[in-house]
Amino acid sequence: MKKNLVKIISLVLVLTGVSACTPVKPWERGNLALPQMALDTDGQEAAFRQHTFYSKESASGGYGGHGGGCGCN
Amino acid sequence: MSLINRLSIAALALPGIVAEDAHAGRVDETFNTDFQYAHYEESNNRMGVDVFNLTAVAPIGENFTASLDLVRDTMSGASPVMNVRDDQGQVQQFLSSASITDERDALTASLGYAFDEVDISLGGGVSNENDYFSGHVNAGVSWALNKKLTTLNLTGSVAFDEITATGRPEINGRKTSQKYLLGLTQIINKDSLIQSNMTFAYHGGFLSDPYKRVYIEDTGNQVNDARPGNKFQWAWLTRYVHHFKAANKAALHADYRLYVDDWGVDAHTVELSWYQPIADGWQIVPRFRYYTQDKADFYQATFNSSNLGAVHSSDYRLAGFGSLGAGIKLTKSFLMSGFVKEVKLQTAFDYNDRKASYQIGGDSSGSFDDFSFYMVTASINAKF
Amino acid sequence: MQGKLRLVNHAFHAMGSPCHIQFYALSRLQAQEAKQSVKQCLEKLEQRYSRYRKDSFISVINNGSGLGAASKIDAEMAALLAYADQCFQESEGLFDVTSGILRKLWSLDKTEIPSEEQINECRQLIGWNKVEWTQNSVYLPQQGMQLDFGGIVKEYAADSVAQLLKSKGITSGIIELGGDIKVIGPRPSGQGWPVAIRNPLEKDQQSLQLTITHGAVASSGDYERFQEIDGVRYSHILNPKTGMPTTGLRAVSILSEHCVVAGSIATLAMLKGSKGFNWLQENELDFFCCLDSGEIHQQISGY
Amino acid sequence: MSYLYKKLVTVCLLLSLSFSVLALEVGKPAPEFSLPNIATKTASSLSDYRGQVIYLDFWASWCPPCRTSFPLLEALYEKHHTAGFKIVAINMDEEPEAMERFLKLYPASFDILRDPEGEWADKYSVEAMPTSFIIDKKGVIRHIHSGFSKSDIDEIEKKVIELLAESL
């Protein structure tokens, strides 16, 4: 049962993610481009924290991937 | 990736061909360097770690980006080896001697290439400790679609580890791990975005901890930690970021991660951080973390010969417990227009309390494993 | 202030076919220098990769086949081998740069179809997976094996010449080497360059008129080089797995960013024989093709 | 990943692929506009620049390539403005303060106009930040450039010189 539950949830999520967005024009990304909005500011600090938790707990994974930000160039 | 892209990548190696400017993507032109010192310390002077980390990311030409990461860890102090049940029937944790110090050096390098909407990257690295060597290679594709509002991420990595445990010559365990990530980052509106990633990890080989043992009560003997020869981990992380213009352009980061593995561990992680800009480049980031996991099927604090089984472990990391943590980060950035474009200073302090009683649905019987730890980081980043 | 932009037309012969370049130069000197560098570039490529020249780099490698000693190679040859390998994988073995020797059986003077034994004997010497190559050496293990970069080098030359002229400051121009076309950049007015693809049925009648501002066009198929044996028309594209000329498609033209990629896809489509037309559609390629039946199809969106 | 799961992901991706609106093309006349000029506080319009070669740039302070472009554009402007070359930089920042902080770090003597609503960015169907259009003396768009990296300035200068050489 767990496997299909996961699939349904992920489908719902992907769909909402795709359709829920009001189209943001390239020049309207000022707020999204702010450093505090970035998913990966202070990469070294995030890596150290995740590495520490990973070596003290069983769970790991999930972090990674690009996206967000100003979408320039 | 289309047939044309696959052939084009192969064609790009031909000296006479340079990627067509108009079509290849262009990389961020800033040269980025980071240096961080970090310290980790556990309660009742168990384990302490000092970490030095240097990272450099440089654009090469218009389409390539190279990155290099160097890490030096120095670990010292004791760590739990076994649990013993004393004559009052209480379980006591037995620590290794405090003298062990260990140094780990790691190097990771990667090269990225930007097409118009697709970025690919290839990388690899090695990590060396006196009893543990690890080498890994990784590859990643990031595809920006829907006018860069949606980003699909796909990464894969394979690692080969070799353990030659000090004092345990009969062990020389090899382990291979494969990790895959499928993720989607979607901009929801001008003020918020969501990222959802799933990771799948497959490990095979020597997965036990050569320094840990289990205590068999009825015979009083000790046997080595023995875990299954393979492990599958699945994690599903969702991160939501929202901008609050009224709060001086602050940003809330809310993360939730569901984790399941085939050793019987289910875990939940919640992390909330509030990025609060103050004035002229200062920013303060209070954050909160809660983690809970149930125990692995083959974990017990102590065993007896009837329930020992082929696989058995008393490693506190496989026990059932919860962890509550809080922290504060302070950053200050200087924007300049000369050769150096930005300098950013960062420092943070985190305190985490791990307790069996914090586990959701736990019976808090494992309080002997409880401990707390704090983390301190300080770093400087320069962009050219 | 430099002189006004002048259109330069230059026709010549290279790589065994008629060639023609058009470009806008800022000065007479720049035009002269550009023509000179194009000539040198093509001569160098011909000297390295022409099968007809006994002293060419490729002939040296082919003559060393089966003699036990690998030949040292440079970065460009290594990249070509890597590219040939990619084409071999993409085509599940159909695009094989060691299948050039089949041409001996189907040379233009032949009057009847080669026998079964002749074909099998020749096919023993074919097989890209037998070639032992590394970044700096290549060795053909069997005596008589031959590498043949037909279908890659002429198109690569077009890309190289375009890149060379761009580095000389020419930003507007077009190159045609024996039917393979590569655009350096749109005309100064921003308009594209007129390109015509010949109809394989009536040799002189043009059947497709395009104006392209960027990218490349490469064709494969029997516009001119075909063979008629007792009334049957045989293509000069040979399938390495059967040793026989391909059927199904009479000619294919592909549009893509790089000429070398367009060329190998065109050859690959021909090699796919009757499945070629669907293969072109499935891969959403920009193409113009003519089936054996004479039917003409085209699917051009990006240009 | 099971077959069903892969099918679902591909379906969603196709859903999200939007079709790019027919953008302005080279060879088309540049749409007329009129926007407030931050120096003169009055409105400037495209027709004010008729007979000159214009580099029209849509930019914002938060976009890194814009930081790269401003010093190079300033140098280009100083070099060619006497020959009838104009730079019109349309700022899209929501708040003027962000733009002013940027201009303190990257001073510009060419014209800066304000379009916080992005009304003209829509009409010029700007697809990426920054996007620039080179417009000839007759008001026709002759070059469209998206994104910006250091080496682009040579190609831009070559185009500007070429258009300056054309008669009206």
Side-chain angles (χ1 to χ4, degrees), chain A residues 2-3 5-7 9-73, chain B residues 25-26 28 34 36 38 40 51 53 55 119 142 147-151 153 155 179 181 183-191 193-199 201 233 235-237 239 241 243 245 249-251 257 259 261 265 267 269 275 277 283 291 293 317-318 323 346 348 350 354 375 377 379:
Chain A
K2 180 161 285 181
K3 265 262 179 248
L5 179 67
V6 157
K7 298 248 163 54
I9 297 173
S10 62
L11 163 69
V12 164
L13 185 112
V14 171
L15 271 179
T16 45
V18 164
S19 51
C21 65
T22 49
V24 175
K25 296 273 195 286
W27 58 86
E28 292 172 328
R29 295 181 76 144
N31 298 337
L32 296 163
L34 291 166
Q36 57 264 32
M37 289 290 285
L39 284 166
D40 50 13
T41 42
D42 306 330
Q44 287 185 326
E45 193 238 343
F48 169 67
R49 284 179 91 239
Q50 290 309 328
H51 182 74
T52 303
F53 292 132
Y54 169 60
S55 56
K56 293 298 151 191
E57 296 159 352
S58 278
S60 77
Y63 290 90
H66 306 286
C70 78
C72 307
N73 239 13
Chain B
R26 260 133 6 155
D28 174 3
D34 283 274
Q36 173 173 281
Y40 165 84
V51 182
N53 184 195
T55 314
D119 288 2
S142 162
K147 293 209 185 89
K148 298 199 173 162
L149 294 175
T150 309
T151 310
N153 291 296
T155 65
K179 295 194 186 92
L181 176 139
L184 182 88
T185 310
Q186 174 66 42
I187 294 206
I188 296 173
N189 54 41
K190 281 196 293 186
D191 293 310
L193 63 106
I194 190 162
Q195 177 179 62
S196 193
N197 299 334
M198 261 191 206
T199 50
Q233 296 175 301
W236 178 19
L237 166 71
R239 312 183 69 180
V241 185
H243 169 249
K245 185 171 177 189
K249 304 176 91 61
R257 176 176 64 185
Y259 167 88
D261 71 29
V265 176
T269 316
Y275 286 71
Q283 172 184 248
Y291 173 84
Q293 82 171 43
R317 289 169 293 195
L318 297 174
S323 180
Q346 175 265 338
D350 276 276
R354 175 221 187 274
M375 294 183 280
T377 61
S379 71

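Letters go in sequence order (proteins before strands), and every chain restarts at 1. Just so you know, these numbers come straight off a predicted model, no measurement behind them.
For B:Thr269, the side chain to side chain contact (heavy atoms under 4.5 Å, CB included) partners at least two apart in sequence or on another chain are B:Arg257, B:Arg289, B:Tyr291. The side chain to side chain donor-acceptor pair (under 3.5 Å) search around B:Gln346 returns B:Thr377, B:Ser379, not counting sequence neighbours.
Interface remark: B:Asp119 contributes no atoms to any contact with chain A (heavy atom separation under 4.5 Å). Proximity to chain B is limited to the backbone of A:Ser55, based on heavy atoms less than 4.5 angstrom apart. At a 4.5 Å heavy-atom cutoff, B:Ala201 makes no contact with chain A through either its backbone or its side chain. Residue B:Val265 touches chain A through its side chain alone, counting heavy-atom pairs closer than 4.5 Å. The contact between A:Ala38 and chain B is made entirely by backbone atoms, counting heavy-atom distances below 4.5 Å.
Among A:Gln44, A:Lys25, A:Met37, the residue with the largest count of heavy-atom pairs under 4.5 Å with chain B is A:Gln44. Contacts with chain A were tallied for B:Gln233, B:Lys249, B:Lys245, B:Arg354; B:Lys249 has the most, counting heavy-atom pairs under 4.5 Å. Counting heavy-atom pairs under 4.5 Å between each of A:Gly30, A:Gly64, A:Gly68 and chain B puts A:Gly64 at the top. With chain A as the partner, the residue from B:Asp261, B:Leu318, B:Leu181 showing the most heavy-atom pairs under 4.5 Å is B:Leu181. With chain A as the partner, the residue from B:Asp191, B:Leu237, B:Thr155, B:Thr151 showing the most heavy-atom pairs under 4.5 Å is B:Leu237. By number of non-hydrogen pairs under 4.5 angstrom with chain A, the leading residue of B:Leu193, B:Thr185, B:Asn153 is B:Asn153. Annotation: maximal heavy-atom pairing with chain B below 4.5 Å, among A:Leu39, A:Leu34, A:Thr52, occurs at A:Leu39. Between chain B and the residues A:Gly61, A:Ser58, A:Gly65, the most heavy-atom pairs under 4.5 angstrom are made by A:Ser58. Contact count versus chain A (heavy atoms, under 4.5 Å) is highest, among B:Val51, B:Thr55, B:Asp34, for B:Asp34.
The backbone N or O of A:Tyr63 sits nowhere less than 3.5 Å from a side-chain atom of B:Gln195 that would complete a donor-acceptor pair. With hydrogens and angles ignored, the 3.5 Å screen pairs no side-chain donor or acceptor of B:Gln283 with any backbone N or O of B:Tyr275.
Taken from CD in B:Gln186 to CD1 in B:Ile194, the straight-line distance is 9.0 Å, to the nearest 0.5 Å. Once rounded to the nearest 0.5 Å, the distance linking NE2 of A:His51 with CG of B:Asn53 reads 11.0 Å. A distance of 11.0 Å separates CE in B:Met198 from CG in B:Leu184, rounded to the nearest 0.5 Å.
Using a 4.5 Å heavy-atom cutoff, the side chains of B:His243 and B:Asn189 are not in contact.
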Q) Does the side-chain contact (heavy atoms from CB on, under 4.5 Å) test come out yes or no for A:Glu57 and B:Tyr259, once each step is laid out? A) CA-CA 11 Å; A:Glu57 296 159 352; B:Tyr259 167 88; over 6 Å; no

